[in-house]
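Just below is one structure, and these are the notes that go with it.
Start at 1 and go down the list; that is how both ligands and their atoms are numbered.
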Amino acid sequence: MNLLQDLKWRYATKKFDASKGIQEDDLQKLKEAVQLSVSSYGLQLYKVLIIQNKELKSQLRKAAWNQAQLTDASHIFVFCNYTERKNEHIDKYIEATSKIQDTPLEKLAGYGDLIKESLSAKSDAAWQNWSEKQTYLALSNLLTACAALKIDSCPMEGFEQEKFNTILGLDQKGLNAAVIAPVGYRSAEDHTQFRKKVRKPKEFLFEEIQ
Ligand SMILES: Cc1cc2nc3c(=O)[nH]c(=O)nc-3n(C[C@H](O)[C@H](O)[C@H](O)COP(=O)(O)O)c2cc1C
């Protein structure tokens, strides 16, 4: 399976080659991979910013413990979850399902109500946690798609969310920067690419129950 080779090839890139940029057709493929991500109920309650602007990258680097990936990578994907639950998100999803799957709205209304009920039953903290979790599924698709295209990436939580939210004007949009991923091409000088992967042995990681 090529996928396993790709997953062994990828690593959390510490030093990108700032002279190399991602081609537009590859960027489109990455976007499609993110778009195809699974999400609870299929709601995709997040937005993904893709930042190429140099000045903005420099500002973000300062809010990310000065990690060099922020300025050297070709593009920064910022996965932003919605901070408020809104019925309109669910209504839009139900409308889209009705249209795309050619199903009458009346048939889907009960499902929409069920989602609304289930989401409104969550505490604010549980909602925030749940909606941030959704973004990680999209992040995972991005990392895997990058590996398949031999594009390097680095998943990152090492940044100040509030500062990112301010710099990117996310508060006004009801969004929150949950997790980010600079993507681009590894620098030959990045020694971490030569490190062996540290992963739990399968016998500790898995327990098969038959
Ligand atoms: C959610 C998440 C947040 C991470 N945050 C950072 C980060 O801020 N900076 C960084 O250099 N690496 C970060 N990493 C990379 C991990 O340290 C790395 O994936 C892990 O050590 C496994 O190594 P590998 O990805 O090279 O196989 C993060 C990884 C994940 C999944």
Which distance, rounded to the nearest 0.5 Å, do you find between the CG of L60 and the CD1 of I180? 7.5 Å
Can you tell me if Y136 and E157 form a side-chain donor-acceptor pair at under 3.5 Å? yes
Measuring from H75:NE2 to I151:CD1, what's the distance to the nearest 0.5 Å? 9.5 Å
Decide if the gap between the ring center of Y46 and the ring center of F79 is smaller than 6.0 angstrom. no
Would you say K122 has more than 12 foreign heavy atoms packed within less than 6.0 Å of its NZ? yes
Please test D91 against K116 for salt bridge (charged side-chain N to carboxylate O under 4.0 Å, His left out), starting from the C-alpha separation and ending with a verdict. CA-CA 9 Å; D91 293 337; K116 285 176 192 169; 2.6 Å; yes
Let me know which protein residues bring a heavy atom to under 4.0 Å of ligand 1; chain then number is fine for ordering. R10, Y11, A12, K14, Q67, Q69, Y136, C154, P155, M156, E157, G158, K197, R199
